[in-house]
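Comments concern the structure below.
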2 protein chains.
Amino acid sequence: ESRLPAYATHQVGVAGAVFDEATGKVLVVQDKNKIKNAWKFPGGLSDLGEDIGETAVREVFEETGIRSKFLSLLSIRQQHNHPGAFGKSDMYIVCRLKAVSFDINFCQEECLRCEWMDLEELARSEHTTLITSRIAKLIFYGYREGFDKIDVNMREFPAVYTGLFYKLYHKELPEKYEKLQPNGIK
Amino acid sequence: ESRLPAYATHQVGVAGAVFDEATGKVLVVQDKNKIKNAWKFPGGLSDLGEDIGETAVREVFEETGIRSKFLSLLSIRQQHNHPGAFGKSDMYIVCRLKAVSFDINFCQEECLRCEWMDLEELARSEHTTLITSRIAKLIFYGYREGFDKIDVNMREFPAVYTGLFYKLYHKELPEKYEKLQPNGIK
């Protein structure tokens with residue numbers, strides 16, 4: 001009998017939307033061996049113990065050769081009975097990343113194509129997946145009207161029990177509210 | 001040998017912050033058998049196949065007797081080597097819920113106390129956990145300046161492969177951007 005806990009119910013997949021504000025371009029790939037060639041953000045499954053942002057940065061590098069840094073969390077999808085997950089559920093997270101390098105050297109085994117595509121072109125494209133399209137539109141909105149409109153930000157805190165750190169993601173909390181004290185002035 | 005996939009790496013826990021705008025009060029509990037009596041939001045682990053909002057609503061009802069509805073996702077915490085997760089990782093999600101009933105009938109086995117607490121009092125309280133305190137401050141910010149500042153919204157879409165539906169969470173996407181078309185006018 002398996003001793004793995006029944007409550008590890010989810011695999012976690014992470015994609016990285018590497019957007020370069022200077023050029024307005026975003027990094028996209030097409031997977032090999034698909035029926036429909038859809039543009040999407042590079043990504044893959046988290047290894048055990050890996051943080052969301054680490055997975056995004058690693059997968060982007062493995063698939064495209066582009067170095068990047070984690071900026072924010074943009075979206076979460078929860079899906080049950082996910083194909084290939086053996087009855088388990090899937091949590092698929094899209095992060096916004098900042099490009100650190102720009103020369104593409106993509107993985108020929110995983111990808112058919114890889115390019116820097118104009119963000120608006122991706123946001124208007126029909127050759128993409130529903131999620132990629134929605135996130136492209138969301139980033140386009142952020143690019144035009146401020147990324148604070150779309151970013152779910154990350155902060156790290158010490159865990160009480162383990163002595164390790166955990167990462168907490170939520171919308172920016174203004175200092176005025178963050179600093180509320182027991183007897184503070186309203 | 002176990003045939004459970006190694007990549008079901010996470011358990012998912014969900015807490016529900018039931019906030020009543022009419023009274024400015026939020027539903028909080030204290031767990032039984034803890035060293036420190038800290039106020040927190042009711043919650044617990046997701047069952048396999050259960051959506052984030054379903055877990056929040058179910059756990060709130062089981063612990064407090066309060067009926068509620070899912071409104072939005074507020075926060076995600078990722079923690080590795082979580083105590084009690086047998087080496088797996090933990091994804092802990094806090095949702096904002098709307099109260100449908102108001103008479104508390106709390107679970108005497110799980111909870112020491114349960115009450116409707118003034119949100120500002122919780123946001124200023126020292127008798128709480130770090131996450132509860134931050135989320136209370138975040139909700140207080142939303143209450144004062146608009147919940148659009150803090151809410152990560154949910155929409156449901158049909159999955160291509162399974163014929164089932166999945167839930168996608170991200171910041172509100174204005175219609176102007178959502179409706180971008182291949183040959184649309186800017």
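Chain A is the first sequence line, chain B the second, and so forth, proteins listed ahead of strands; every chain is numbered from 1.
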Given the rule that I, L, V, M, F, W and Y join up when any side-chain heavy atoms are under 4.5 Å apart, are B/Phe147 and B/Leu73 in one cluster? no
Please state whether the side chain, the backbone, both or neither of A/Met91 comes within less than 4.5 Å of a heavy atom of chain B. side chain
Per-residue contact mode, B/Val152 against chain A (heavy atom under 4.5 angstrom): side chain
Assess whether side-chain contact (heavy atoms from CB on, under 4.5 Å) is satisfied between A/Glu145 and B/Lys176, documenting all intermediate values. CA-CA 12 Å; A/Glu145 305 198 18; B/Lys176 172 178 154 193; 3.7 Å; yes
Please say whether more than 12 non-hydrogen atoms of neighbouring residues, nucleotides or ligands are located less than 6.0 Å from CZ in A/Arg67. no
Using non-hydrogen atoms and a 4.5 Å limit, figure out which bit of A/Leu164 sits close to chain B: side chain, backbone, both or neither. side chain
Just verifying a value: how many Å separate B/Thr9 OG1 and A/His10 NE2, rounded to the nearest 0.5 Å? 10.0 Å
Only pairs of heavy atoms separated by less than 4.5 Å count here; which of A/Ile76, A/Leu74, A/Val94 has the most with chain B? A/Ile76
Can you confirm whether more than 12 heavy atoms, excluding those of A/Lys40, are under 6.0 Å from its NZ atom? no
Only pairs of heavy atoms separated by less than 4.5 Å count here; which of B/Phe140, B/Tyr177, B/Tyr92 has the most with chain A? B/Tyr177
Would you kindly confirm whether A/Met117 and A/Ile135 end up in one hydrophobic cluster when ILVMFWY residues are joined by side chain heavy atoms under 4.5 Å apart? yes
Using non-hydrogen atoms and a 4.5 Å limit, figure out which bit of B/Phe157 sits close to chain A: side chain, backbone, both or neither. side chain
If you tally heavy-atom pairs under 4.5 Å between each of B/Glu126, B/Arg77, B/Gln78 and chain A, the highest tally belongs to B/Gln78
Can B/Lys149 and A/Glu172 be counted as an ion pair, charged N to O under 4.0 angstrom? no
Does B/Ile93 share a hydrophobic cluster with A/Tyr166, counting links as ILVMFWY side-chain heavy atoms below 4.5 Å and allowing steps through other members? no
Would you say A/Tyr143 ends up clustered with A/Leu71 if hydrophobic residues are merged whenever their side chains have heavy atoms under 4.5 Å apart, either directly or through other cluster members? no
Heavy atoms from other residues, nucleotides or ligands near CD of B/Glu156 exceed 12 (cutoff 6.0 Å): yes
Relative to chain B, which segment of A/Leu168 carries a heavy atom at a distance below 4.5 Å: side chain, backbone, both, or neither? both
Which of A/Leu45, A/Asn81, A/Leu130 touches chain B most, by non-hydrogen pairs under 4.5 Å: A/Leu130
Do you know which of A/Glu50, A/Glu121, A/Arg134 has the most heavy-atom pairs under 4.5 Å to chain B? A/Arg134
At a heavy-atom separation under 4.5 Å, does B/Ile52 approach chain A through its side chain, its backbone, both, or neither? both
Over 12 non-hydrogen atoms of neighbours within 6.0 angstrom of NZ in B/Lys167: yes
Full working for side-chain contact (heavy atoms from CB on, under 4.5 Å) between B/His80 and A/Leu48: CA-CA 8 Å; B/His80 305 298; A/Leu48 183 63; over 6 Å; no
Counting heavy-atom pairs closer than 4.5 Å to chain A, which one of B/Asp47, B/Leu138, B/Asp148, B/Ile150 comes out on top? B/Leu138
Are B/Leu27 and B/Val14 linked, directly or through intermediate hydrophobic residues, by side-chain heavy-atom contacts shorter than 4.5 Å (ILVMFWY only)? yes
So which part of A/Ser89 gets closer than 4.5 Å to some heavy atom of chain B, the side chain, the backbone, both or neither? both
